[in-house]
Amino acid sequence: MGILAWIIIGLLAGAIAKAIMPGKDPGGIIITMLIGIAGGLLGGWLGKVIFHVDSIDGFFDLSTWIAAIVGSLILLALYRLITGNRSSHRHA
């Protein structure tokens, strides 16, 4: 797949991850989109490392989308964990 396909998958995976994990994000829509793109790459890499499968088969393969969404969920949860703690300490 080309870089444009990865960007599109990442953007959509980030939106799906946001819908699965609703709540207020400190970064807004731009950060969520960037997390989605990075999450797609992370999910594909984890699929190869952990399950020894090529989870990046093609744009319309279910395994590609599942890997991208799971990666986005992981990064979104980590981002909320890190930035949530920082913003609560600033108000003290």
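Along the sequence shown, residues are numbered consecutively beginning with 1.
L12 pairs by the side chain to side chain contact (heavy atoms under 4.5 Å, CB included) definition with I8, W65, not counting sequence neighbours. In this structure, the side chain to side chain contact (heavy atoms under 4.5 Å, CB included) partners of I66, at least two apart in sequence or on a different chain, are L62, V70. Take I37 and apply the side chain to side chain contact (heavy atoms under 4.5 Å, CB included) test, not counting sequence neighbours, and it matches I7, L11.
The distance from the CG atom of L42 to the CG atom of L78 is 9.0 Å, given to the nearest 0.5 Å. Here L75 contributes atom CG and T32 contributes atom OG1; the two are 11.5 Å apart, rounded to the nearest 0.5 Å. Of the inter-residue distances, the one linking L34 atom CG with S72 atom OG reads 11.0 Å to the nearest 0.5 angstrom. Taking CD1 of I35 as the reference point, atom CG of L73 lies at 11.0 Å (rounded to 0.5 Å). To the nearest 0.5 Å, the span separating CD1 on I69 from CD1 on I74 amounts to 12.5 Å.
Listed by first and then second residue, the salt bridge (Lys or Arg N to Asp or Glu O under 4.0 Å) pairs that reach into residues 63-78 come to none, sequence neighbours excluded. Sorted by first and then second residue, the side chain to side chain donor-acceptor pair (under 3.5 Å) pairs involving residues 12-23 (not counting sequence neighbours) are K18-D25.
Using modelled atom types, one side-chain atom of R80 and one backbone atom of M21 make a donor-acceptor pair closer than 3.5 Å.
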